[in-house]
Number of protein chains: 2
Amino acid sequence: MSIATDNFLKALYLLRDEQVAAVMGTQLAARLEISSAAVTDMARKLAERGLVAYTPYREMELTGAGEELALKIIRRHRLWELFLQQVLDMDLKMVHEEAERLEHHASEELMNRIDVFLGHPDFDPHGEPIPRQSGSLPEANGLLELQQAEPGKNYLVARIIIREPEVFDLFARYGIHPGQRLQVIQCYDFDKSMELEVGRRKVLLSEGLVQKIFLNPLN
Amino acid sequence: MSIATDNFLKALYLLRDEQVAAVMGTQLAARLEISSAAVTDMARKLAERGLVAYTPYREMELTGAGEELALKIIRRHRLWELFLQQVLDMDLKMVHEEAERLEHHASEELMNRIDVFLGHPDFDPHGEPIPRQSGSLPEANGLLELQQAEPGKNYLVARIIIREPEVFDLFARYGIHPGQRLQVIQCYDFDKSMELEVGRRKVLLSEGLVQKIFLNPLN
DNA sequence: ATGCAAATTTAAGTAAGCTTAAACTCAAAA
DNA sequence: TTTTGAGTTTAAGCTTACTTAAATTTGCAT
């Protein structure tokens with residue numbers, strides 16, 4: 001499997017995942033930064049290999065086999081991201097582009113060692129789920145949304161969704177990161193903001209921020 | 001810089017290093033597993049870029065700039081090898097081919113983090129020197145050859161040259177690895193073999209094995 | 001000094017993964 | 001229902017890093 005193939009399958013999977021609708025060539029071309037002619041070309045080749053369902057002038061989507069491969073690549077990407085951040089202390093801003101290259105070049109064996117080293121993690125540093133070796137995805141709904149937490153009880157931050165770099169910095173400043181213990185002080189129903197205790201500091205979060213945090217109950 | 005370029009420069013450096021003589025196309029072709037026509041092609045291109053000194057039908061060698069680049073690539077390779085072995089506990093037999101791929105795809109920033117993580121190491125798991133960021137090579141002659149060690153004194157193993165996988169296994173079985181403390185019990189001058197104490201075990205090494213071990217005096 | 005074999009170079013061709021530009025399709029508006 | 005333009009495909013061409021096969025050079029042995 002070539003890098004171009006890897007990237008095509010990955011982009012197709014993620015694009016489909018982000019929107020709910022099917023994926024058209026132009027979007028793929030934009031995301032992969034190639035011409036739409038190249039997309040058509042690739043689609044035809046991957047269709048021959050049974051990885052993409054494709055009829056000329058129609059939308060395309062991954063076949064079962066294609067999705068399986070896409071998930072493997074995404075697994076590699078997210079494991080690398082987490083490894084680079086947690087073990088080598090790389091800046092979250094650099095971690096994506098680094099993983100973007102490394103994901104294509106590590107052996108299965110190495111990826112499994114990284115997985116073990118990290119303790120079979122469920123989420124990458126952006127809060128995105130890391131597909132398992134089996135191809136299954138960890139479900140965030142095993143987790144509790146912060147909105148539903150009971151004031152007074154203790155929780156562990158399990159996952160924070162970080163699509164914007166500023167958000168990471170903000171949470172970092174308040175000491176909110178996976179593994180951190182926290183308690184809900186109060187919920188303000190009128191605008192759905194919340195007051196938390198993190199460490200021994202009190203923090204006030206807007207609804208938008210609250211929705212990015214998922215918890216595990218403690219004891 | 002492409003992967004092909006990386007590999008060409010690296011092979012040219014290492015080949016030159018192994019033998020003392022200049023390097024001919026056929027040897028390069030053999031090592032890189034490409035045709036000699038491809039070697040000529042590459043040589044011409046790299047000569048244009050000022051990385052290789054090349055005149056048709058003559059031997060070729062690296063220019064200053066070429067050697068600088070070769071050392072950078074070798075640095076990456078050896079840092080990866082050590083990282084994979086020490087941090088991710090990969091088998092020494094797999095470490096080379098893994099590093100062979102990763103060396104081309106990690107950023108300078110990542111390599112430096114790996115270097116720091118490992119404590120700016122001087123030698124890779126095969127005992128080969130790791131070029132520094134500056135391009136200089138750690139000299140093994142800061143180290144003591146085992147032959148010259150004084151019986152009774154304590155030493156730390158600094159470097160073991162492992163070109164054959166069996167040798168690694170052998171040393172591993174006797175607990176001999178970088179960082180290990182040892183003492184010389186006796187030298188047998190008639191065949192230059194030696195008896196050592198490693199941990200609390202006594203070990204008898206042939207001359208060939210003795211020559212692979214380099215030491216730092218302890219206190 | 002000459003011829004020969006080995007090594008090297010040239011020439012021509014291949015494959016992947018692109019590009020641009022022209023041709024085509026299709027669905028939706030007129 | 002015809003037109004239109006956005007989106008897609010086809011066609012032709014490029015680059016890199018190879019390949020094989022034929023031509024060339026070299027240095028060594030005679």
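So you know, we letter chains A, B, ... as the sequences are listed, proteins then strands, and number each from 1.
Across all strands, Ser35(A) comes closer than 4.0 Å to base atoms (heavy-atom distances). Across all strands, Ala4(A) comes closer than 4.0 Å only to sugar-phosphate atoms, never to a base (heavy-atom distances). Tyr54(A) comes within contact range of the sugar-phosphate backbone alone, with a heavy-atom separation under 4.0 Å but no base atom that close.
Between the P atom of dT8(C) and the CD atom of Glu59(B) lies a distance of 9 Å, rounded to the nearest Å. Here dC18(C) presents its C1' atom at 10 Å from CE of Met42(A), a figure rounded to the nearest Å. Across the protein-nucleic acid pair, Arg44(A) atom CZ and dA15(C) atom P stand 15 Å apart, rounded to whole Å. Residue Glu33(B) contributes atom CD, which lies 13 Å from atom P of dT20(D) at whole-angstrom precision. Rounded to an integer number of Å, the gap from OH of Tyr57(B) to C1' of dT9(C) is 4 Å.
When the side-chain nitrogen and oxygen atoms of Arg58(B) are compared with OP1 and OP2 of dT9(C), none of them lie within a distance under 4.0 Å. Within the 4.0 Å cut-off from OP1 or OP2 of dA6(C), not a single side-chain nitrogen or oxygen of Thr26(B) is found.
With no hydrogens or angles considered, a side-chain donor-acceptor pair links Glu207(A) and Gln211(A) at under 3.5 Å. Looking at His104(A) and Asn7(A), their side chains do bring a donor and an acceptor atom within 3.5 Å of each other.
Along DNA chain C, the nucleotide nearest to Pro56(B) and the one nearest to Asp41(A) differ in position, and the one closer to the 5' end is contacted by Pro56(B). Remark on DNA chain C: of its neighbouring residues Val39(B) and Ile34(A), the 5'-side contact belongs to Val39(B), judged by nearest-heavy-atom nucleotide.
Comparing dT24(D), dT19(C), dA21(D) against the side chain of Ala37(A) picks out dT19(C) as the nearest. Proximity note for Ser2(B) (side chain, C-beta onward) versus dT8(C), dT10(D), dA17(D): the nearest is dA17(D). The nucleotide whose nearest atom lies closest to any side-chain atom of Thr40(B) is, among dC26(C), dT9(C), dG17(C), dT9(C). Taking every side-chain heavy atom of Ser36(A) into account, dT9(D) is the closest of dT26(D), dT9(D), dA27(C).
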*Chi angles and distances behind the salt bridge (charged side-chain N to carboxylate O under 4.0 Å, His left out) call for Lys45(B), Asp41(B)*: CA-CA 6 Å; Lys45(B) 283 182 196 159; Asp41(B) 218 59; 3.4 Å; yes
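Although no hydrogens or angles enter the test, the distance criterion places a donor-acceptor pair under 3.5 Å between the side chain of Glu98(A) and the main chain of Ser107(B).
In summary, Arg76(A) and Glu108(A) engage in a salt bridge, as defined by a charged side-chain N under 4.0 Å from a carboxylate O.
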